[in-house]
Amino acid sequence: MNERYDFKEIEAKWQARWAAENLYKTPDFSDRPKYYCLEMFPYPSGKLHMGHVRNYSIGDVVARFKTMQGYHVLHPMGWDAFGLPAENAAIKHGNVHPADWTMDNIRTMRAQLKQLGISYDWDREVATCHPGYYKWTQWLFLQLYHKGLAYKKKAAVNWCPSCATVLANEQVKEGACERCKTPVEKRELEQWFFKITAYAERLLKDLELLKGWPEKVKIMQENWIGRSEGAEIRFKVADMDEEIVVFTTRPDTVFGVTYMVLAPEHPLVEKLVEGKPQSEAVRDFVRRVRNLNEIARTATDVEKEGLFTGAYCINPLNGERVPILVANYVLLEYGTGAVMGVPAHDQRDFEFARKYNLPIRVVIQPPGEELDPQTMTEAYAGDGVMVNSGQFNGLSKDEGIRAVIAYLEEKGLGRGQVNYRLRDWLISRQRYWGAPIPIIYCDKCGIVPVPEEDLPVLLPRDVEFKPTGQSPLADCPEFVNTTCPRCGGLARRETDTMDTFMCSSWYYYRYTSPREDKHPWDRARVDYWLPVDQYIGGVEHAILHLLYSRFFTKVLYDLGLVGIQEPFTNLLTQGMVLKDGAKMSKSRGNVVSPEEIVAKYGADTARLFILFAAPPERDLEWSDQGVEGCYRFLNRVWRLVASVAGGLLEAPPKPAGKLVGVNRQMHRLIHLTIKKVTEDIGNRFNFNTAVSAIMELVNALYQYKEVPETDRDPAVLREGIEHLLILLAPFAPHITEELWEATGHRESIHKQPWPAYDPEAIVEDEITIVVQINGRVRERVLVPAGITPAQMQEVVLAQPRVQKLVEGKQIVKVIPVPGKLVNIVVK
RNA sequence: GCGGGCGUGGCGGAAUGGCAGACGCGCCGGACUUAGGAUCCGGUGGGGCAACCCGUGGGAGUUCAAGUCUCCCCGCCCGCACCA
């Protein structure tokens with residue numbers, strides 16, 4: 001065999017052979033237990049970046065490992081292929097069509113994935129921009145529509161002026177567009193929504209089922225859903241036939257209400273100020289606040305500002321007249337857009353009241369303390385006893401909450417209420433490169449869904465991509481003009497397309513039957529493969545994609561289309577790939593391209609480094625020298641195996657009889673390594689320590705090779721080399737396959753069963769135990785392995801060195817830890 | 001502000017409450033060599049000639065024993081952010 005490790009030749013050779021032999025093709029069903037290993041599919045942005053390489057290397061180790069363990073593994077790949085960058089490229093360069101741009105990128109990135117040697121079943125590849133796929137995205141939209149879960153409404157929505165489209169709440173980070181960081185604006189638009197809020201409680205509750213998800217992701221979703229319990233209370237407006245409904249988590253403090261605040265956009269504001277001397281000032285204020293963008297509007301450090309409307313409302317519990325104000329700190333979108341002001345027991349109300357000299361009334365007295373509104377420096381939100389609250393005096397906070405709610409319900413003044421921060425999912429996008437929303441508007445019949453047999457509603461190819469703020473499809477008469485499916489009259493198509501998160505909310509079902517054309521998927525196959533056993537991807541999708549996918553799955557369950565309630569049993573969120581302590585980015589100029597690394601060192605080195613440099617959840621610091629180290633290691637493996645490849649298979653596959661000395665030690669290490677690598681991959685996904693165990697095995701095999709041939713057992717050497725290759729195979733599939741062949745094996749290493757360690761092999765006759773005196777290591781003793789704690793103690797105390805050290809001291813206690821150490825406590 | 005995570009050699013990182021620093025990088029020394037930035041072997045937390053002592057962000061505590069558990073503090077990272 002070749003003296004040199006020629007990765008270029010080897011990797012090309014095996015990639016071609018694997019493809020020719022369909023090594024990674026997955027039959028639809030099998031008697032073996034199934035395992036669905038899925039990595040988040042990429043947006044085809046151009047070329048792979050290191051984050052992709054990390055994601056897919058991790059997934060590949062898991063898929064290969066599970067396959068070798070005997071599972072029937074589904075490991076597919078596809079493309080989240082609709083989206084803005086394609087369209088932006090078309091706008092920028094003029095002559096490139098988003099479809100062509102996308103397909104070019106897919107070709108490039110598919111080739112790159114193949115170069116990495118990832119074990120995908122490419123026959124199952126899907127692309128969300130393919131009509132055969134988005135037909136079913138549209139079909140699913142219709143199912144939601146028929147179920148009343150897709151609806152159109154006019155609302156103040158997040159508008160990104162740079163992307164020239166609306167965004168879902170989830171796509172707004174710190175008041176700015178998640179994609180381009182442009183501050184978002186509010187626009188009143190009529191848009192399509194999915195009623196995800198109808199599933200808020202289930203999405204929250206079922207987080208408990210997700211035992212295999214990181215706590216962090218579950219907490220983020222929990223916070224995002226933002227459940228809070230309280231009450232809705234109705235305040236009558238004085239001298240007017242109107243009422244203001246507030247949501248509060250503290251109905252026990254209603255007697256402490258000293259004012260009422262409305263959001264500037266609250267629909268009642270105009271009515272309240274009409275004809276009042278305050279009207280102009282209030283209108284000015286509302287206008288000013290509305291013109292601010294989200295960042296300026298919602299930053300916490302913004303000074304609270306408010307104005308009196310001139311109107312009053314009536315506290316339903318004590319009949320008091322309280323002034324109604326408008327203020328910038330009240331949000332229309334949350335609760336009812338109105339807040340009762342209880343300065344004594346809410347910090348925001350407290351600050352606001354101090355600023356505007358509004359009265360502060362204590363209605364909860366903390367234990368062992370007397371709150372005085374004059375001297376208070378902050379609101380008291382804790383538990384205590386109700387005071388100044390009429391019939392409720394003397395109750396605790398929690399008793400008060402229950403009692404007030406009961407009273408409100410009895411008198412018809414309000415009711416207990418659960419509120420969520422989660423809003424409905426806005427799915428309309430004023431862009432071209434997405435799945436058209438399958439809806440037709442007819443002057444006679446109104447909103448008419450496209451009949452299922454007319455799907456897909458195809459995207460027209462020739463469209464002008466001007467970013468005008470409305471969908472480019474609106475300027476395409478051939479697309480817009482149609483006939484009403486109901487009355488046959490002239491009608492217009494919906495021109496907005498769907499949020500691409502809709503496309504990615506169901507792709508993991510499609511992989512099971514990617515070319516099915518009568519249904520979105522084959523039910524038997526979905527029932528067989530789903531849920532995904534292991535999902536792997538970046539934590540940036542903790543809310544967006546993962547929440548939407550959970551929502552979709554629950555809807556599909558309710559529609560009877562799937563039999564599962566949660567799509568992803570186990571989730572692994574991989575850390576970022578950093579260079580010089582920062583995320584790789586073009587603007588920072590610290591990008592390392594996978595292409596260059598693969599060209600210089602090969603795919604096996606690239607994969608190995610990425611898996612070795614850090615555990616998968618943690619951020620990974622890129623190191624060129626670290627890559628060199630992994631390359632050196634593979635060369636070392638190459639030379640080791642090359643030096644013994646010749647007659648390796650002439651030895652028996654495993655040693656027979658009782659082994660002694662170096663042979664026994666080597667045999668033992670082989671099995672310890674099998675144990676460690678199996679546990680590190682299988683139980684904890686600690687690939688870095690698995691690799692280091694394999695490195696130790698290689699170091700030991702080098703030593704063993706130097707042992708004179710007369711003292712060496714060729715069966716042990718064979719066992720060591722073969723297991724080294726098998727254990728390394730999921731990490732470095734090409735070099736191990738080549739060496740496997742070079743040592744005389746006929747069948748692919750990737751079809752070999754994962755080895756089990758022999759418990760007999762790892763037992764020891766003698767062990768070294770540590771002797772501590774007052775917790776400090778003072779001696780080591782070699783003892784028989786089966787020694788009892790009492791014997792351990794005896795042996796240790798008999799050691800001359802121990803006797804010397806405890807001489808003249810009193811032994812207070814001796815603690816033997818079986819098989820490990822003995823600690824002697826002396827005074 | 002709230003929630004979560006992290007802090008260990010020169011660096012990436014190992015350590016079911018039981019020998020801190022596995023493995024790799026870097027560095028130092030040696031071997032081979034005309035030469036090597038290839039390869040192989042050895043060394044490598046700090047102090048001390050040594051016995052020993054000191055060391056896991058800082059401080060306290062629990063324990064025979066703490067990187068690991070508890071409390072307080074400091075620093076960095078991530079998420080949410082006036083959510084009533």
Side-chain angles (χ1 to χ4, degrees), chain A residues 173-175 214-224 226-228 230 246-250 253 261 263 297-304 327-331 333-342 345-349 351-352 381 419-423 539-540 542-543 575-576 578 581 608-609 612-615 617-630 632-633 635-636 639 676 686 688-699 702-703 706 768-780 812-826:
Chain A
K173 301 276 170 203
E174 290 169 12
E215 216 45 46
K216 166 177 140 153
V217 173
K218 288 191 276 187
I219 289 168
M220 282 167 74
Q221 292 211 353
E222 196 179 313
N223 291 342
W224 189 261
R227 182 183 201 274
S228 65
V246 299
F247 172 76
T248 177
T249 54
R250 296 296 303 276
T253 63
V261 219
R297 176 75 194 275
T298 58
T300 0
D301 49 8
V302 168
E303 178 82 3
K304 289 180 179 44
N328 60 352
Y329 76 94
V330 179
L331 306 171
E333 304 88 56
Y334 184 77
T336 60
V339 175
M340 59 183 213
V342 187
H345 305 293
D346 181 283
Q347 188 57 26
R348 292 156 305 190
D349 297 347
E351 287 163 21
F352 190 73
N419 219 339
Y420 301 91
R421 293 178 48 188
L422 183 70
R423 311 288 149 73
V539 73
E540 65 272 16
I543 294 173
M576 288 186 298
L578 310 178
L608 192 69
F609 167 72
F612 176 62
E617 296 92 339
R618 232 191 281 183
D619 287 349
L620 180 153
E621 174 68 26
W622 187 266
S623 154
D624 292 333
Q625 287 175 332
V627 178
E628 288 273 359
C630 288
R632 270 206 296 266
F633 168 71
N635 275 284
R636 206 166 137 75
R639 286 190 305 271
K676 173 140 182 79
N686 278 12
N688 55 332
T689 50
V691 172
S692 65
I694 296 171
M695 288 173 168
E696 287 179 80
L697 178 63
V698 169
N699 293 342
Y702 264 91
Q703 303 283 347
E706 294 310 308
T768 302
I769 59 169
V770 164
V771 183
Q772 293 185 337
I773 293 174
N774 288 345
R776 293 175 176 282
V777 181
R778 288 293 184 247
E779 181 64 308
R780 275 159 235 274
V812 182
K813 208 176 185 184
V814 180
I815 299 127
V817 180
K820 286 244 172 76
L821 60 71
V822 177
N823 190 10
I824 303 163
V825 186
V826 297

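The chains referred to below are lettered A, B, ... by the order of the sequence lines, with proteins before strands, and numbering in each begins at 1.
Counting to the nearest Å, the P atom of B:G79 and the CH2 atom of A:Trp224 are 12 Å from each other. Across the protein-nucleic acid pair, A:Tyr334 atom OH and B:C80 atom C1' stand 14 Å apart, rounded to whole Å. Rounded to an integer number of Å, the gap from CZ of A:Arg632 to C1' of B:A38 is 10 Å. A:Asn635 places its CG atom 7 Å from the P atom of B:U39, with the value rounded to the nearest Å. Taking atom CZ of residue A:Arg776 and atom P of nucleotide B:A65, one finds them 11 Å apart after rounding to whole Å. The nearest whole Å value for the distance from the OH atom in A:Tyr329 to the C1' atom in B:A81 is 17 Å. Going from atom CG of A:Asn328 over to atom P of B:C82 covers 11 Å, rounded to whole Å. To the nearest angstrom, P of B:C25 lies 16 Å from CH2 of A:Trp622.
Closest approach of A:Thr336 and A:Val246 over heavy atoms only: OG1-CA, 3.3 Å. Closest non-hydrogen pair, A:Gly335 versus A:Asn419, comes out as CA-ND2, 3.2 Å.
Backbone-only contact: A:Thr249 has heavy atoms under 4.0 Å from sugar-phosphate atoms and none from a base. Residue contacts for A:Arg227: at a heavy-atom cut-off of 4.0 Å it reaches no nucleic acid atom on any strand shown. Among the atoms of the strands shown, base atoms are found under 4.0 Å from some heavy atom of A:Leu331. Contact annotation for A:Val539: no contact, since no heavy-atom pair falls under 4.0 Å across all strands. Residue A:Gly335 is classed as having no contact, given no heavy-atom separation below 4.0 Å to the nucleic acid.
Looking at heavy atoms from C-beta onward, A:Val770 lies out of side-chain contact with A:Thr768 at the 4.5 angstrom threshold. Between A:Asn774 and A:Val825 there is a side-chain heavy-atom pair separated by less than 4.5 Å. Side-chain contact between A:Lys216 and A:Val539 is present, with at least one heavy-atom pair separated by less than 4.5 Å. Between A:Gln772 and A:Ile815 the shortest side-chain heavy-atom distance does not fall below 4.5 Å. The shortest side-chain heavy-atom distance between A:Phe609 and A:Val691 does not fall under the 4.5 Å cut-off.
Side-chain N or O atoms of A:Asp346 include none that pairs as donor or acceptor with a backbone N or O of A:Gly341 at under 3.5 Å.
Annotated as syn: B:G9, whose O4'-C1'-N torsion sits within 90° of 0.
Between B:C80 and A:Lys173, a contact under 4.0 Å exists linking OP1 or OP2 to a side-chain N or O. Listed pair A:Ser228 / B:A84 meets the phosphate criterion, a side-chain N or O lying under 4.0 Å from OP1 or OP2.
A cation-pi contact, defined as under 6.0 Å to the ring centre and within 45° of the axis, is absent between A:Lys304 and A:Phe352.
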Show the distances under 3.5 angstrom between N or O atoms of the protein and N or O atoms of nucleotides 40-42 of chain B.
| residue | atom | partner | partner atom | Å |
| --- | --- | --- | --- | --- |
| B:C40 | OP1 | A:Arg636 | NH1 | 2.7 |
| B:C40 | OP1 | A:Arg639 | NH2 | 3.2 |

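For B:A84 and B:C78, the P atoms lie 26 Å apart once the distance is rounded to whole Å. As rounded to the nearest Å, B:A14 and B:G67 have C1' atoms that lie 11 Å from one another.
Side chains of A:Arg636 and A:Asn699: a donor-acceptor N/O pair is present below 3.5 angstrom, by distance only.
Residues satisfying the side-chain contact (heavy atoms from CB on, under 4.5 Å) criterion with A:Lys676, sequence neighbours excluded, are A:Asp680, A:Arg684, A:Thr689, A:Ala693. Qualifying side-chain contact (heavy atoms from CB on, under 4.5 Å) partners for A:Glu706, counting only residues two or more places apart in sequence or in other chains: none. Applying the side chain to side chain donor-acceptor pair (under 3.5 Å) rule to A:Glu617 yields no partners; only residues at least two apart in sequence or on another chain are considered.
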Exercise. Would you sketch RNA chain B in dot-bracket for me? Only Watson-Crick or G-U wobble pairs with both distances under 3.5 Å count, crossing pairs as [ ], other-strand pairs as |, the rest as dots.
Key: (((((((..(((.....[....)))((((((.......))))))(((....)))..(((((..]....))))))))))))....
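Checked by distance alone, A:Lys813 brings no side-chain donor or acceptor within 3.5 Å of a matching partner on the base of B:C64.
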Quiz prompt | Contact pattern, 5' to 3', of nucleotides 9-19 of chain B - B, S or - by protein heavy atom under 4.0 Å | solution = ---BSSSB-BB
